[in-house]
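So you know, we letter chains A, B, ... as the sequences are listed, proteins then strands, and number each from 1.
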Amino acid sequence: MPTPIKSITNPKLRLEVLTPEEIRKIHEATLWIIEHAGVRFPSKRALDIWQSFGASVDAGKSIVRAKGRIIEEALEQAPAAYTLCARDPSQDLPLDGNHVFVGTDGCGVEVLDIETGARRTSSLRDVSDIARIADATAEIGFHWVPVSAQDMPPETRGLHEVKAIWENSSKHVQTESIYNEREARVAIEMAAVLAGGGEALRKRPLLSLMQCTAPPLGQDGGSLDAALLAAEAGIPTGFMTMAACLTTGPATLAGNLAVGNAEVIAATALLQLAYPGAPVFYAAAQTASDLRSGAYTGGGPEDFLFGAAQNALADFYNIPLSMGSFATGAKEPNWQAGVENSLSTFMACVAMSDMLLGVGLLHGSRIWSYAQMMMDCEIFSIIHKTMQGIVVDDETLALDTIAAVGPGGNFLTQKHTLKHMRDVFLPQFMDRRPYNEWEAKKDDARDWALAKARKTLAGHQPDPLDRKLSAEMARIIKSIEEGNK
Amino acid sequence: MSTDLFPKMAQSIIDGDSDAAVALARQAVESGLDPLEAISKGFVVGVNTVGEAFAKGDAFLPELVMAGEAMKAAIAVLEPEMQKRDMTRTMLGKVVLATVEGDIHEIGKTLVGTMLSASGFQVYDLGVDVPSAKILAKVKEVDADIVGLSALLTTTMVKQKEVIDVLDKEGLRRKVKVMVGGAPVTHDWVQKIEADGYSEDAIGAVTIAKQLVGAA
Ligand code: B12
């Protein structure tokens, strides 16, 4: 039996980070940017599509300028809700605006080894191990390719990675590590093998794709071509902006939102022009660059505000949102990681982002830590509980019980207490022991989180993938590799 | 008159005001001021001031970058005058800089370029997604001392090695030093591809570059 996936639903907490009037202003500013400054689309196919829908195209510079009407009409074609499907249908994820699901973070380059703790280059084995632990972890709803399989050839790396995840988990796979048409074509072919053909895959997309925009106001050619191919196959596809205050966007938050929004909605509109009704999502991981080094910070107050604001924008366009949270710059699981990941995730959750990316990486999405993965899951659990808010009704007001105990006494002996005690949150990794017990061991959350990861890896058997399907995927990858020679 | 031009020149750089820097450079040319002096006693003083403030944490990145831009603008005006007088500004070395083919990450590379220029290197920034052949061509064209290669993806790091191999094949490897950087670049990788240096940030890049040209 798979562990049921934990998601936030029917929240009692709300936050208005932007008023409807402010959202409209950002939207209008965005349309102005797309029409006047333009957005760069360095893909022949994309430029042809824009041209045929009446946008003005500067072919030399690959810059598209489109009237607001073209963008707005295209976006209206996008479905408001759809489902990310899993190999195991009981683990499907409805992106319906009433669920928040968490994924693993993606594309790390190093790993803190689960046994030795040493920092080393990531490999395919890590991809499998992390997928297996994620499969068993209730807080994790779907996968990104957590780290890069650097022991695999660069040309087919992304394919080995998705195969390894499918083999080690029955949850949905979203890849952000495939960013050219060639690899995307094969990944979709592999997904079709799993789903039982192209039409079956369209009905049950076992794969989704995340592409980056190229801030400021640009796209990557390979990513565009990969996304168009995915949209054609009915594979849910999103464009993520990382426009950052000071470097790839204005220093001011509103301006940076408008830049990022222009990139995302222009790319999303392109997919709708080409394939009306294709499932798409809005994706964002905006931040402010560090004032001293220009580094990607991934965890300041600006990030927290963007986390909520971008959901307001995605809601305005009525498409699901994938939000970057848990993006700490900390070098190891520590205070900074706790503060940054809690606040970014809280803000993205309270705004009801459909997907949150993702748990496990440190140092600005570069170093994988199994302990951090587990602690990030606990952060989500705490927020999950908080989002349920305070229920006020006769049962929860508990007047009979209060009267029975009266002044003084305690509630430990009450049936009402027994009935509701499990509503109280019980953390896995918070230290609530007596001081002397801590003093004797001096261990903490990091040790317990790592121990849990180890135990899961050693004990969890994922629902095995049919050997024949595995072999077929391997054959497809091999034929590409041999063709490359 | 020249004496009151110098502090103004420095100030234009400190303010990151390219327009003012250009106007002052023109004034210098018109009044027959020695262009090398305009640089060393005027504009460079401003660059150093900003650089020092930055190192102390009193100035921020945008101020540093704007100072660099203003400096470039001023030099562009003085350059023809220097040629006319048959003068050359002594630079620490020539650096060809690029983000490798298939990779569009730009910011880190650009910051490295800014810092190198501000520190006295002649930088030829080829942009992003640059094929190895194009890098090689530029190295030959400008007779570069250093090639700086940025790669942020595990799939594109291999292009850093490709450039090294190409330089080797052309018999240029001994003459041209190669430094690399970017998110996935580690010490092991640097040793494996036999690059001459790497750094995790732009300030470190300057230290390495200086070592590589023997100016440290
Ligand atoms: C911002 C960003 C982007 C932006 C870049 C915007 C732009 N205009 O430049 C965008 C959105 C375009 C982008 C796209 C993608 N990205 Co990206 N990106 C980042 C991010 C978050 C920060 C990079 C950055 O700008 N840092 C700030 C600058 C100042 O730092 P820096 O680049 O590291 O540079 C410093 C040093 O490295 C060094 N240095 C750099 N170059 C050089 C060169 C020399 C010679 C020397 C000496 C030193 C040196 O000095 C610099 C200055 O201090 C990193 C994660 C990270 N924390 O690094 C991911 C990251 C690099 N991206 C990643 C990925 C996967 C992608 C995409 C493939 C995602 C996708 N599915 O579309 C695409 C790639 C498209 C392509 N073909 O290139 C991965 C790569 C890891 C991997 N496994 O390969 C990372 C690590 C994040 C992650 N885990 O997902 N990205």
Side-chain angles (χ1 to χ4, degrees), chain A residues 40 42 107-110 119-123 145 147-158 161 176-180 182-183 212-216 218-224 242-251 288-296 331 361 363-367, chain B residues 50-51 53-66 68 99-115 127-129 150-162 181-192 199-206:
Chain A
R40 204 165 156 260
C107 279
V109 295
E110 292 186 302
R119 185 164 57 90
R120 57 167 176 75
T121 300
S122 57
S123 69
V145 173
V147 295
S148 290
Q150 296 180 68
D151 47 348
M152 292 293 124
E155 304 77 34
T156 51
R157 190 168 291 165
E161 292 165 347
E176 77 304 359
S177 66
I178 288 179
Y179 36 93
N180 61 61
R182 181 182 46 76
E183 251 185 309
C212 277
T213 65
Q219 313 290 346
D220 173 49
S223 295
L224 287 172
M242 288 195 185
C245 295
L246 300 182
T247 52
T248 50
S289 300
D290 180 67
L291 273 170
R292 296 215 158 85
S293 63
Y296 184 86
K331 309 296 182 282
L361 285 178
H363 189 29
S365 303
R366 279 174 280 186
I367 303 175
Chain B
V50 179
F54 183 78
K56 272 195 276 174
D58 295 340
F60 296 136
L61 191 65
E63 298 172 87
L64 194 70
V65 174
M66 287 181 64
T99 297
V100 298
E101 186 173 13
D103 201 318
I104 59 163
H105 292 88
E106 178 146 37
I107 306 157
K109 180 266 308 157
T110 303
L111 290 184
V112 168
T114 304
M115 287 298 197
V128 299
D129 189 11
S150 188
L152 277 271
L153 299 168
T154 66
T155 48
T156 58
M157 286 157 89
V158 289
K159 295 285 174 185
Q160 294 178 330
K161 174 150 195 330
E162 186 179 284
V185 172
T186 58
H187 186 68
D188 288 349
W189 173 250
V190 174
Q191 288 198 316
K192 191 166 156 197
S199 152
E200 287 187 39
D201 68 3
I203 311 244
V206 172

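Heavy-atom distances place the side chain of B:Leu153, and not its backbone, under 4.5 Å from chain A. Contact annotation for B:Thr154: both backbone and side-chain heavy atoms come within less than 4.5 Å of a heavy atom of chain A. Looking at B:Ala183, both its backbone and its side chain come within 4.5 Å of chain A, counting heavy atoms on both sides. There is no contact between A:Glu155 and chain B, counting heavy-atom distances below 4.5 Å.
Rounding to the nearest 0.5 Å gives a distance of 7.5 Å between CG of B:Asp129 and CG of A:Asp220. Note that CG of B:Leu61 and CG of A:Leu291 are 8.5 Å apart. Values are rounded to the nearest 0.5 Å. Within the model, atoms OH of A:Tyr179 and CG of B:Asp103 stand 7.5 Å from one another, a figure rounded to the nearest 0.5 Å.
The heavy-atom pair separating A:Arg292 from B:Phe60 by the smallest distance is NH2-CE2, 3.6 Å. Scanning both residues, B:Thr155 and A:Arg157, for their nearest heavy atoms gives N-NH1, 3.7 Å. Minimum heavy-atom separation, B:Val158 to A:Pro154: CG1-CG, 4.1 Å. Minimum interatomic distance between B:Leu111 and A:Ser293 (heavy atoms only, all atoms of both residues): CD1-O, 3.4 Å.
Annotation for A:Arg119: atom CZ does not count as buried by contact number, only 12 or fewer foreign heavy atoms lying within 6.0 Å.
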